[in-house]
Amino acid sequence: MHSYIRVFKILAILISMSVATGVSAQDDNTGASLTFDRLFEEVSGMSADAEHDDGYVYINRVNPDAPFRRARRGILVVGGGDTIRAMEPFSGPDANLVRYASTVNTYSRAFGDSVTVYCMPIPTQAAYYCPEDAEEHTQDQYRAVKRIFSELEPQVVPVDIFPVLGDHAAEPIYLRTDHHWAPLGAYYAAQEFALAALVPFVTIDNFDVHEVPGFVGTMYGFSRDARIRKAPETFVYYTPRDTRYDTYYVNYRLDRRRKNVISASEESAGPFFIPAKGVATYCTFMGGDNKLVRVETGADNGRRLVILKDSYGNALPSCLFNSFEEIHVIDCRYFPLNIVAYIQDHAITDVLFANNMIHATMLHTCDTYDSYLTQ
């Protein structure tokens with residue numbers, strides 16, 4: 001039965017791309033139109049390459065033998081020279097994985113049948129670039145992802161992005177000098193989500209490319225390893241071409257500890273992309289986290305999405321401006337309203353949990369999400 005559902009998804013996507021939007025399915029590497037066989041592989045994972053079945057195992061072929069050292073806060077500094085990267089190790093207690101899934105389930109039950117809830121845990125770069133000799137310092141993130149999925153109730157749709165990111169690990173899908181993924185990684189994840197949600201998706205050749213050279217992100221400050229500062233990278237982000245979207249913000253004022261919202265502005269229009277520099281370059285997406293964001297697009301398909309996220313999720317919305325007619329972005333730390341009422345008031349049809357694995361396994365994340373249901 002599962003295989004038939006996957007085939008149905010393929011047909012639905014082909015129809016939605018060609019009829020609803022007039023956008024053809026294109027290969028994200030070559031720009032060429034996707035054949036049915038190629039799209040079948042993208043959605044079903046039923047190609048001759050068996051790596052995409054339930055027994056998927058990622059093998060690090062990028063830097064398996066790279067030297068490493070443990071820096072401040074246990075950060076792993078891997079390799080050297082211009083390809084050095086720093087990453088946070090992952091440690092996710094089983095009870096916390098179960099708790100996260102429970103929170104997702106609770107949201108799904110609270111929203112009812114009119115809203116589809118998706119769970120898309122986002123691996124951090126340690127899942128793909130940890131050398132073999134350093135594996136003892138970080139846990140298996142795919143095992144943790146599958147543990148979350150095993151606890152989801154049937155009505156929740158799991159979105160497994162681990163294999164697709166593994167397939168593209170040789171590309172710059174994570175930032176070497178920052179704790180975030182790169183916008184390219186978010187693009188591949190958004191594509192996988194669009195397949196699961198049965199919405200059109202515009203491929204990357206329809207985006208304009210912007211480069212910010214000399215970027216050194218947060219990992220230098222976290223690790224205090226001077227080699228990170230001496231190995232800047234180019235931050236690359238993408239803006240959708242020939243796409244209508246209007247962005248509106250409710251900005252939050254936080255307390256002195258920057259933990260709680262003490263006031264909120266009136267909603268006002270602003271740009272989605274706010275070019276930033278230095279260590280804050282990732283804030284190019286919406287200017288950061290402490291705000292509620294609503295984007296109206298020209299998709300006109302009756303689908304309205306809420307993204308529940310940490311900062312990793314900031315890079316996702318712009319990949320989906322042709323997929324949903326409205327996108328709301330709510331942070332897992334800052335939201336002063338009742339989420340059930342918000343979903344009803346805005347006629348939301350889809351809710352995506354998009355938390356990186358470190359945030360997903362923090363009890364504070366679940367506690368805060370739980371509070372949104374009752375405040």
Side-chain angles (χ1 to χ4, degrees), residues 103 107 110-112 114-115 117 180 183 186 190 210 237 239-240 243-278 280-355 359 364-365 367-375:
T103 294
Y107 267 60
F111 299 150
S114 62
V115 178
V117 173
H180 294 102
H210 306 267
Y237 68 99
T239 57
T243 299
R244 184 184 73 79
Y245 58 94
D246 298 297
T247 309
Y248 301 92
Y249 293 94
V250 174
N251 293 298
Y252 298 141
R253 182 184 171 202
L254 306 181
D255 61 17
R256 290 184 177 181
R257 297 185 303 152
R258 298 190 63 81
K259 296 291 185 182
N260 300 303
V261 176
I262 58 177
S263 65
S265 71
E266 295 295 323
E267 185 180 73
S268 60
F272 182 87
F273 298 96
I274 306 172
K277 296 181 179 180
T281 299
Y282 188 83
C283 290
T284 291
F285 301 103
M286 304 177 295
D289 300 309
N290 57 326
K291 57 196 70 182
L292 170 64
V293 183
R294 182 175 65 87
V295 183
E296 296 178 356
T297 77
D300 193 25
N301 60 357
R303 302 288 292 273
R304 298 180 181 87
L305 171 69
V306 160
I307 300 176
L308 295 169
K309 58 82 187 179
D310 51 61
S311 56
Y312 269 57
N314 295 2
L316 288 169
S318 55
C319 302
L320 299 166
F321 286 169
N322 290 279
S323 305
F324 294 88
E325 68 177 38
E326 204 163 277
I327 300 175
H328 300 242
V329 187
I330 296 175
D331 196 84
C332 65
R333 292 154 292 190
Y334 316 114
F335 184 68
L337 307 175
N338 179 277
I339 190 72
V340 178
Y342 188 91
I343 294 295
Q344 294 172 345
D345 292 345
H346 292 87
I348 299 300
T349 58
D350 302 86
V351 172
L352 172 65
F353 280 82
N355 293 108
H359 252 294
H364 180 70
T365 299
D367 289 342
T368 306
Y369 275 144
D370 290 348
S371 72
Y372 293 170
L373 292 167
T374 57
Q375 62 191 13

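Residues: numbered from 1 along the sequence shown.
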Please find the pair of heavy atoms, one from [X] and one from [Y], that lie closest to each other, and give the distance.
X	Y	answer
Tyr369	Lys309	OH-N, 3.4 Å
Ile307	Pro317	CD1-CG, 3.9 Å
Ser311	Asp331	N-OD1, 4.4 Å
Arg304	Ala347	CD-O, 3.4 Å
Ala190	Leu320	O-CD2, 3.9 Å
Thr239	Tyr237	CG2-CE1, 3.9 Å

Would you give the length of the straight line joining atom [atom1] of [X] to atom [atom2] of [Y], rounded to the nearest 0.5 angstrom?
X	Y	atom1	atom2	result
His328	Leu308	NE2	CG	11.5 Å
Thr365	Arg333	OG1	CZ	8.0 Å
Ile274	Thr284	CD1	OG1	8.5 Å
Phe324	Leu352	CZ	CG	8.0 Å
Ile343	Asn338	CD1	CG	10.0 Å
His180	Cys283	NE2	SG	7.5 Å

*Should we say atom CZ of Arg244 is surrounded by more than 12 heavy atoms from elsewhere, each under 6.0 Å from it?*
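For Arg244, atom CZ is crowded (more than 12 foreign heavy atoms under 6.0 Å).
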
Side chains of [X] and [Y]: is there a donor and an acceptor less than 3.5 Å apart?
X	Y	result
Asp289	Asn314	yes
Asn322	Thr243	yes
His359	Tyr312	no

When you measure from the side chain of [X] to the backbone of [Y], do you find a donor-acceptor pair of N or O atoms at a distance under 3.5 Å?
X	Y	result
Glu296	Tyr248	no
Glu325	Ala299	no
Tyr282	Pro183	no

*Could you list all the side-chain hydrogen bond (donor to acceptor under 3.5 Å, both in side chains) pairs where at least one residue sits in residues 343-354, not counting sequence neighbours?*
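Output for this query lists Tyr118-Asp350, Arg303-Asp350.
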
*Please list all pairs passing the side-chain hydrogen bond (donor to acceptor under 3.5 Å, both in side chains) test where one or both residues lie in residues 260-273, with sequence neighbours left out.*
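Checked against side-chain hydrogen bond (donor to acceptor under 3.5 Å, both in side chains) - neighbours excluded - the pairs reaching residues 260-273 are Asp255-Asn260, Glu267-Arg294.
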
Would you say [X] and [Y] make side-chain contact, with heavy atoms under 4.5 Å?
X	Y	result
Ile330	Leu292	yes
Asn290	Arg258	yes
Asp310	Cys332	yes
Glu326	Val295	no

*Give the intermediate values and the outcome of ring pair (Phe, Tyr, Trp, His ring centres under 6.0 Å) for residues Phe353 and Tyr107.*
CA-CA 10 Å; Phe353 280 82; Tyr107 267 60; 5.2 Å; yes

_Applying the side chain to side chain contact (heavy atoms under 4.5 Å, CB included) criterion to Val329, which one of Leu305, Leu316, Val293 satisfies it?_
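Running side chain to side chain contact (heavy atoms under 4.5 Å, CB included) over Leu305, Leu316, Val293 with Val329 returns exactly one hit, Val293.
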
*Is it true that Tyr342 and Tyr372 have ring centroids separated by less than 6.0 Å?*
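No: the rings miss the under 6.0 Å criterion.
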
*Determine whether the aromatic ring centres of Tyr245 and Phe321 lie less than 6.0 Å apart.*
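Between Tyr245 and Phe321, the centre distance is under 6.0 Å.
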
*For side-chain contact (heavy atoms from CB on, under 4.5 Å), just list the numbers for Ile339 and Phe111, CA-CA rounded to whole Å, side-chain angles, deciding distance to a tenth of an Å, and then say yes or no.*
CA-CA 9 Å; Ile339 190 72; Phe111 299 150; 4.1 Å; yes

